[in-house]
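Here is the structure we will look at.
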Amino acid sequence: MTKEENEARLEKLKAIVRALPDKPGSYQFYDAEGTIIYVGKAKSLKNRVSSYFHSEVDRFKTKVLVSKIWDISYTIVNTEEDALLLENALIKKYNPRYNVLLKDGKTYPSICITKEYLPRIFPTRTINKKNGTYYGPYSHVGSMHAMLELIKKIYHPRTCRQPLLKEGIEGGKYQLCLEYHIKNCAGPCVGKQGWDDYQKNIAQAREILKGNTRQVLREMKDEMMRLAEELRFEEAEEIKGRYLLIEQFVAKSEVVSHSIDNVDVLSITNDEKIAFINYIHVSNGQINQSFTFEYKKRLEETDEELLQLAIVEMRERFKSKAKEIILPQEIDMNLDGVTITVPQRGDKKTLLDLSLMNGKQYKFDRLKQAEKLNPEQKQVRLMKELQDLLHLEKMPYQIECFDNSNISGTDAVAACVVFKKMKPSKQDYRKYNIKTVVGPDDYASMKEVVFRRYKRLLEEEQPLPDLIVADGGKGQMEVIRQAVQDELNLDIPIAGLAKDNRHRTNELLYGFPARVIGIKDTSELFRVLTQLQDEVHRFAIEFHRNKRSKRALHSELDDIKGIGTKTRDELLNALKSVKKIKEATIEMLTDAIGSAKAKIIYDYFHPSE
């Protein structure tokens, strides 16, 4: 598109905007092919749509959207609430490219009560409203099955799939099945249970699925009392059994407050690309619905915009008529007869916190699931978590950790282990013999090794680490700082991992002066840092042990020029000890290793001859 064509396009759009009415409604943006790419709503169409074409728009994604718009249409409605409903309907119908994408709950099961002459009750993932009424969806499948089990125990709805008709029942067309004989069904197909009684049970089951258990319990109690007064004790006892089952079920439910009734609660948990919005419905003082939706962001939508969309979607989906909505923040939204509350304390704040906790848990579960499919995502998350924790300029892709090992200053060594993307990179591990330090001085040894390590990397123009971690506390961190910053003039972040008196990692230190960084010892990041510390300790100890072993096995034969390990081993196998080799004649040595090397050995131990 040329500059002239773009200017003509913008002038056409601005002319449409100037003619827009100052009334509530929904607007639609079209691309060059005439496809709807965005649907929005507004209290004032003129003000809202004109905001997209202001020169000071600073959102990059909004600028991209505007560059794709070729035409605008709109629909006027009477109220802001109608605009919200219309926007929601159009988004579902056209699924525009730049609108938030709602991950539908169709993958979660619902409970269906069919519209048959004798309705059935069963779980399903297929929604067809022509066939019945649906309750759900249930994000926690266990709670759905608990609900179905309760209804089955109390009301014994039929489970057969026969299309039972009134004429067939009256004509004796059907026969009893096993379910009747094992007392899972009352036999309505042959008239053993009357139609009115069956429908009454289904009506009570509907109320339980709606969460109106108190109403059901009141009705049961009234009927119990009536039957007892009529001396129909067996029937009263049967209803009492049902009453107790519901009461026990309700006792296990999340009871919030007996003073809270018919309330919707929504909370939002964000990351960069997805918003997780949890919805809770409270009826009769208890939670009877909890669900979390995912909204994939397209235009850097604010929390307020996302909550507005979610309120309309969830109230429609769950058929909520609640007169109060509890939210974590104020939003510019008016619903007829509905109060929006942002609680600061009390039972309503407890409800909001519970909703937020559910949203965070859902986000965590989705993250874990995604990480199983893409392990690299977990490593990036841990690097980002460490970056945020230490306020680093960039993610710590390469982390290096140092440790010393010696016994009273003998065989002093040091080790450096390297983690890349939060995993060991063993080909980059390095071992160091301490050269300039005499005696057991851990600080001086650490400083020597760190200096040697990064001086060499600079000389070889090798990449430097994004973070250095000392196996130790403030002292080790300070000597590393002296080597890196003071002597080499490098700006590399330095952290420390300190241990408690039981030699367990218990503190992450950072900064100068060093301060303790709060991190849960049960978190994945803490486990990775502990693994880093354990790995450098293991590597240093292993190197130190090998060095001591070699020194212990050192023989005087190793100091003789021209005699290698193979000759040394042959001599020791033949003559058993260095003492006997020293006392051996030239003939004995020749028999073992040949005349040339025998002469070298003999001359070494008998220099005067």
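What's counted below: heavy atoms across the whole structure, side chains too, no hydrogens, waters or symmetry copies.
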Do we see a donor-acceptor contact under 3.5 Å between the side chains of [X] and [Y]?
X: N270; Y: K297; answer: yes
X: D466; Y: Q398; answer: no
X: S355; Y: N278; answer: yes
X: E294; Y: Y362; answer: yes

If you round to the nearest 0.5 Å, how far is [atom2] of [Y] from [atom1] of [X]?
X: K384; Y: K394; atom1: NZ; atom2: NZ; answer: 15.0 Å
X: Q379; Y: K420; atom1: CD; atom2: NZ; answer: 13.5 Å
X: Y134; Y: I111; atom1: OH; atom2: CD1; answer: 12.5 Å
X: I480; Y: I494; atom1: CD1; atom2: CD1; answer: 6.0 Å
X: I37; Y: N99; atom1: CD1; atom2: CG; answer: 9.5 Å
X: L467; Y: L532; atom1: CG; atom2: CG; answer: 8.5 Å

Sequence neighbours excluded, which residues qualify as side-chain contact (heavy atoms from CB on, under 4.5 Å) partners of [X]?
X: M588; value: L575, A584, T585
X: Q427; value: S425
X: Q308; value: K41, L84, E304, I331, M333
X: D591; value: none

(Q) Between the side chains of E478 and R481, is the shortest nitrogen-to-carboxylate-oxygen separation below 4.0 Å, so that they form an ion pair? (A) yes
Q. Quick one: do R453 and E400 make a salt bridge, cutoff under 4.0 Å?
A. yes
When you measure from the side chain of [X] to the backbone of [Y], do you find a donor-acceptor pair of N or O atoms at a distance under 3.5 Å?
X: E460; Y: L457; result: no
X: T35; Y: D31; result: no
X: N358; Y: L354; result: yes
X: E542; Y: F539; result: no
X: N404; Y: A414; result: no
X: E385; Y: L525; result: no
X: E301; Y: R298; result: yes

Close side-chain approach of [X] and [Y], heavy atoms under 4.5 Å:
X: L490; Y: L458; answer: yes
X: L307; Y: I268; answer: yes
X: K360; Y: S267; answer: no
X: V417; Y: F402; answer: no
X: H537; Y: D471; answer: yes
X: K431; Y: V413; answer: no
X: K599; Y: T590; answer: no
X: P465; Y: V418; answer: no

Grab the two heavy atoms, one from [X] and one from [Y], that are nearest each other, plus how far apart they are.
X: L497; Y: Q533; value: O-NE2, 2.8 Å
X: V479; Y: M446; value: CG2-CG, 3.9 Å
X: I274; Y: F276; value: CG2-CZ, 3.7 Å
X: L392; Y: P493; value: CD2-CB, 3.8 Å
X: Y432; Y: C416; value: CE1-CB, 4.2 Å
X: G473; Y: A498; value: CA-CB, 4.4 Å

Q) F543 and D403: side-chain contact (heavy atoms from CB on, under 4.5 Å), yes or no, with the steps? A) CA-CA 11 Å; F543 180 36; D403 189 22; over 6 Å; no
Quick check on [X]: does its [atom1] atom have over 12 non-hydrogen neighbours (other residues, nucleotides or ligands) under 6.0 Å away?
X: Y429; atom1: OH; value: yes
X: R97; atom1: CZ; value: no
X: E5; atom1: CD; value: yes

(Q) Going by the rule salt bridge (charged side-chain N to carboxylate O under 4.0 Å, His left out), which residues pair with R430 if we only count those two or more places apart in sequence or in a different chain? (A) none
Can you name the side-chain hydrogen bond (donor to acceptor under 3.5 Å, both in side chains) partners of [X], sequence neighbours left out?
X: E487; result: K447
X: D491; result: none
X: K349; result: D353

**Q.** For Y98, all residues meeting ring-ring contact (aromatic ring centres under 6.0 Å, His included), sequence neighbours excluded
**A.**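 Partners of Y98 under the ring-ring contact (aromatic ring centres under 6.0 Å, His included) test: none.
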Q) Listed by chain and number, what are the ring-ring contact (aromatic ring centres under 6.0 Å, His included) partners of F419, not counting sequence neighbours? A)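 With neighbours one apart ignored, the set is empty.
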Q: Test side-chain contact (heavy atoms from CB on, under 4.5 Å) on I468 and I399 and set out the steps.
A: CA-CA 6 Å; I468 299 172; I399 303 173; over 6 Å; no
Q) Please, which pairs that meet salt bridge (Lys or Arg N to Asp or Glu O under 4.0 Å) have at least one residue in residues 525-537, sequence neighbours excluded? A) E535-R538
Quiz: residues 507-519 side-chain donor-acceptor pairs under 3.5 angstrom, not counting sequence neighbours:
none

Q: Look at the aromatic rings of H281 and Y279 and report parallel, tilted or perpendicular, splitting at 30° and 60°.
A: parallel
**Q.** ring-ring contact (aromatic ring centres under 6.0 Å, His included) evaluation trace for F29 with Y52
**A.** CA-CA 11 Å; F29 294 155; Y52 289 93; 5.1 Å; yes
**Q.** Worked verdict on I280 versus I326 for side-chain contact (heavy atoms from CB on, under 4.5 Å)
**A.** CA-CA 10 Å; I280 286 177; I326 295 173; over 6 Å; no
